[in-house]
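The structure that follows is given in the form of structure tokens.
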Number of protein chains: 2
Amino acid sequence: MKRFSLNQATTRGWPLPELAAGCVAAGVTQVGLWREEVQEFGVSATAELMRSSGLSVTTLCRGGFFDRPDWLSSNVTAIEEAATLGAPVLVLVSGGLPSGSRDVDAARAHIGESLGTLVPYALDAGVQLAIEPLHPMFCSDRCVVSTLGQALDLAEPYPAAAVGVAVDTYHLWWDDTVWSQIARAGAAGRIACFQVADWITPLPAGVLLGRGLPGRGCIELRRFREAVDATGFTGPIEVEVFNEEVWARPGLEILADTIEGYRRFVE
Amino acid sequence: MKRFSLNQATTRGWPLPELAAGCVAAGVTQVGLWREEVQEFGVSATAELMRSSGLSVTTLCRGGFFDRPDWLSSNVTAIEEAATLGAPVLVLVSGGLPSGSRDVDAARAHIGESLGTLVPYALDAGVQLAIEPLHPMFCSDRCVVSTLGQALDLAEPYPAAAVGVAVDTYHLWWDDTVWSQIARAGAAGRIACFQVADWITPLPAGVLLGRGLPGRGCIELRRFREAVDATGFTGPIEVEVFNEEVWARPGLEILADTIEGYRRFVE
């Protein structure tokens with residue numbers, strides 16, 4: 001359990017103090033947090049709660065959305081929040097096509113340039129930005145970065161301390177080039193975080209909330225973990241599941257199921 | 001309009017005699033047909049209806065589903081049906097993961113071997129099999145072939161007259177390698193068919209019936225058509241849209257809208 005991290009999205013709705021206490025009781029020492037929930041509780045208050053609970057923050061989700069007019073100020077703020085929380089990584093969901101646009105190449109190029117603008121802030125704060133390739137079904141409305149290869153191409157011009165990638169099983173499992181791209185990411189020191197969720201069908205309307213707890217779906221989760229580890233990665237393994245049926249249950253139960261799935265199918 | 005072909009799925013529910021008459025009235029000379037509808041009307045009766053209406057059949061959808069126990073007999077029958085209809089191409093939806101399996105590599109390898117078994121039947125019948133890469137959101141349940149590159153790798157061991165690929169904008173638009181793979185497909189003589197549909201969000205539950213008529217979404221359809229044409233491809237351009245709201249309208253109206261979208265956004 002040393003590497004396990006509970007991403008807060010898996011137990012959405014669980015108040016932060018209860019989440020912290022539940023993690024401590026379950027022997028969990030790491031969590032991934034989300035900006036909205038952190039802001040609601042207060043950034044400093046969250047940092048203090050985590051510290052006093054003995055919990056490390058593995059990632060803050062999420063920056064990005066470079067298609068929005070306020071992308072620069074909102075990402076600078078997100079980097080500051082990550083630093084306050086002691087989170088070494090800010091996960092970026094880079095945004096889809098601007099409204100009315102069909103120019104996916106331009107949207108991708110804009111992300112590359114925007115990253116360059118953020119690099120000094122990231123280095124100053126000691127926070128690594130993690131470009132997260134999202135499943136291609138999110139290409140138009142959430143993230144035009146669809147493969148790990150694309151994410152690495154975007155990261156390449158910048159120092160690895162400033163720009164890495166997020167390896168998320170849910171988004172990448174279908175891609176037969178993912179194994180060589182994981183090796184490439186590891187060799188470049190750019191695996192900023194490793195996140196786990198399972199793929200289940202049928203997908204719900206809107207397709208956002210259809211992820212499965214580890215083991216409930218068809219992804220070779222252990223193969224992913226082994227591929228990431230084979231590069232020398234020894235960082236946290238975050239379980240991040242968005243699922244309305246899961247969320248309807250008490251946080252403690254979800255956490256127990258998440259840990260059980262992690263032990264059986266990932267560890 | 002010389003290259004336009006109406007894929008029957010776009011006007012689902014339109015009885016074949018009305019579809020044929022509607023196409024003739026609109027100056028459409030080519031259609032893509034679906035096995036279920038053809039079988040219901042009768043394969044020979046359909047062939048005769050098409051002939052007497054002066055309509056060519058550009059593709060028959062669909063063979064494939066190599067994950068099912070009866071894949072061999074059903075594909076052999078499908079090849080025969082395509083030959084009876086004078087359709088030069090049988091589109092293959094290759095099937096997802098077998099029930100309970102997580103082994104996507106094995107599923108892909110099985111498709112490659114199954115194609116080899118079908119090659120003699122295809123050559124005998126003069127029907128080219130078209131491996132259709134489906135959007136990665138269908139990887140687990142419909143088709144483990146997710147990219148044009150994968151489809152071409154699977155086709156490569158076999159003669160182009162027997163095994164080609166389907167280029168469908170809906171499935172491939174998110175992939176930044178698609179342009180080089182279209183060039184590769186064309187150079188190898190493997191573009192068996194070119195199908196057009198647009199990408200719209202939000203996706204409906206199950207994600208199958210969320211396609212848009214040409215121009216209603218975010219895909220650079222003309223860029224696709226030009227890329228396919230740049231390889232020397234001069235074949236039909238099929239519009240194939242699955243959309244329940246579209247299907248609720250009269251066939252003649254759908255056809256008119258389809259032609260208008262084709263003229264404005266594809267031609």
Note, V239(A) side chain near S5(A) side chain (heavy atom, < 4.5 Å): no

Options G217(A), P202(A), G210(A), S101(A), ranked by heavy-atom pairs under 4.5 Å with chain B, top entry: G217(A)

L97(B) portion near chain A, given a 4.5 angstrom heavy-atom threshold: side chain

Portion of D141(B) that has a non-hydrogen atom of chain A nearer than 4.5 angstrom: side chain

Which atoms of P136(B) approach chain A - backbone, side chain, both or neither, heavy atom under 4.5 Å: both

Best-contacting candidate, V207(B), D176(B), I219(B), T177(B), against chain A by heavy atom pairs under 4.5 angstrom: D176(B)

E238(B)/T59(B) under side chain to side chain donor-acceptor pair (under 3.5 Å): CA gap, chis, key distance, verdict: CA-CA 9 Å; E238(B) 263 187 39; T59(B) 60; 2.6 Å; yes

Heavy-atom side-chain contact between F4(B) and I259(B) under 4.5 Å: yes

Atom CZ of R108(B): over 12 foreign heavy atoms under 6.0 Å: yes

Side chain to side chain donor-acceptor pair (under 3.5 Å) between W34(A) and N7(A), intermediate numbers included: CA-CA 8 Å; W34(A) 279 69; N7(A) 187 289; 2.8 Å; yes

Choice from V104(A), D105(A), T147(A), D103(A) maximising heavy atom contacts with chain B below 4.5 Å: D105(A)

Options G96(A), G149(A), S140(A), ranked by heavy-atom pairs under 4.5 Å with chain B, top entry: S140(A)

Heavy-atom pair count under 4.5 Å with chain A, highest-scoring of V144(B), I200(B), T201(B), D175(B): T201(B)

L209(A) vs N243(A) side-chain heavy atoms within contact, under 4.5 Å: no

